[in-house]
Amino acid sequence: MMKTLLPALAHAIVLDKKCMAYHALSLEGIKSQLQSLSTEVADAYNVIPNLEGPAFFASSLAMIPGTPIPPMLARITNGLSESLKLFNGRAFTCEYKYDGQRAQIHKLTDGSVRIFSRQMKESTTRFPDLVNMIKELCSPEVSSFILDAEVVGIDRKKGNKLMSFQELSSRERGNKQSSIAIENIKVDICVFVFDIMFCNGQRLLDCPLRKRRKYIHDLFQEKPGYFELAQQLTVSVTMLKTKEFYSGERILPKKPVYYKTDEQPELWFTAQQVWEIRGADLTLSPVHHAAIGLVHPSRGISVRMPRYTRSVPDRNSEDCSTATDIATMFKAQTRKMEVSSEGQE
DNA sequence: ATCGGGGCTTC
DNA sequence: CTCGGAG
DNA sequence: CTCCGAGGAAGCCCCGAT
């Protein structure tokens, strides 16, 4: 109840001590003073949720690695349209919601690493493997930090397949005194880091997410299946409308037989929208099948560095570029060195 | 030595 | 985690 | 709208009964 009790206590103390010249203020003035007092203690609690000791009352508040901070929590919306409204047309970042367990990872100035749960309880003894990963993958110049991450169960024998929350929770717990034994861990974990709140004595919460992401990227070495940055995507409104459009019955249960590709995407859609794509070049591809057989017997043509430009509503799917069109475009472009060197195969 | 339930923690 | 009441 | 408590599923931990 810290968000209720703390402001109340602060009000009581200040009013009792008559620290401010309240008699000189209007009622509205007093209210506004108390309001800002509430904000101040709430801010302090968000950095030092531990009311013992002098740190909480220090004038310059700083996080202290080893003392967990209240986690930033998600808020539920009614759906995409409501989220969209909140961002009011601006691009925003989406992040994959991993189904695991929240972990606030601290590295202390003495070199030790400690893990805290969403409820700010210490869970270091449950994750000795995570502690080792951090020590291994953190740049030596980083003396202290606080990271926000999701720990997910992972099956390394099945191509790093992520496991369900239930499987992760079947992992041993350990207790305050003793860590679980690293040798007979039955559920491996991968850590997906999505934020860094503090690093080398510096509070980072006030700098943009983009920048915090870059800090993580620069200060840690990623290791697939062990320590990864959370997957994210910055989305424009055009893309979102496309995300809404391709839903429901427009998602197909399986690949239609007349779709000629070896690609194995997660979803298949009906062909009903024509998109304009801009690219740097057309290249011969061992993977993609567009215009296969027209410029090379076994290779198709792909777009190098493709970017979505716009959808073309006045064309239906039968009116998009054909294999012949693509072959013609490929032959017309000036840079086509692969053709001459590999065309003889 | 083994089992089961209450306690605790996660989501 | 979700839900709903209090303010 | 924010805060907070109630309540639920699932799993490990621990301790007392057998």
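These figures come from a predicted structure and were not determined experimentally. Lettering of chains follows the sequences in order, A, B, ..., and the numbering in each one begins at 1.
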I'd like to know whether A/Ser143 forms a side chain to side chain donor-acceptor pair (under 3.5 Å) with A/Thr109, so could you lay out the CA-CA distance, the side-chain angles of the two residues, the decisive distance to 0.1 Å, and finally the verdict. CA-CA 6 Å; A/Ser143 60; A/Thr109 42; over 6 Å; no
Run A/Glu150 and A/Arg102 through salt bridge (charged side-chain N to carboxylate O under 4.0 Å, His left out) and show every step you take. CA-CA 5 Å; A/Glu150 187 82 2; A/Arg102 189 84 172 254; 5.3 Å; no
Do A/Arg212 and A/Asp195 pass the salt bridge (charged side-chain N to carboxylate O under 4.0 Å, His left out) test, and can you show the C-alpha distance, the side-chain angles, and the key distance before you say yes or no? CA-CA 7 Å; A/Arg212 304 205 298 274; A/Asp195 209 350; 2.6 Å; yes
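Atom pair A/Leu73:CG and C/dT2:C1' shows a separation of 14 Å (rounding to whole Å applied).
Taking the ring axis of A/Phe227 as reference, the NZ or CZ atom of A/Lys223 does not stay both within 45° of it and closer than 6.0 Å to the ring centre.
If you check every strand for non-hydrogen atoms under 4.0 Å, A/Leu168 touches nothing.
A nucleotide of DNA chain D counts as in contact with chain A when one of its atoms lies under 4.0 Å from a heavy atom; the first and last such, 5' to 3', are D/dT2 to D/dC14.
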B/S/- along nucleotides 4-11 of chain B (protein heavy atoms under 4.0 Å) is -----SSS
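A/Asp188 and A/Lys157 are not joined by a salt bridge, as no carboxylate oxygen comes within less than 4.0 angstrom of a charged side-chain nitrogen. Salt bridge A/Glu172/A/Arg126: absent, no basic N to carboxylate O contact under 4.0 Å.
The backbone N or O of A/Gly66 sits less than 3.5 Å from a side-chain atom of A/His106, completing a donor-acceptor pair.
From A/Glu228, atom CD reaches atom SG of A/Cys190 across 4.0 Å, with rounding to the nearest 0.5 Å.
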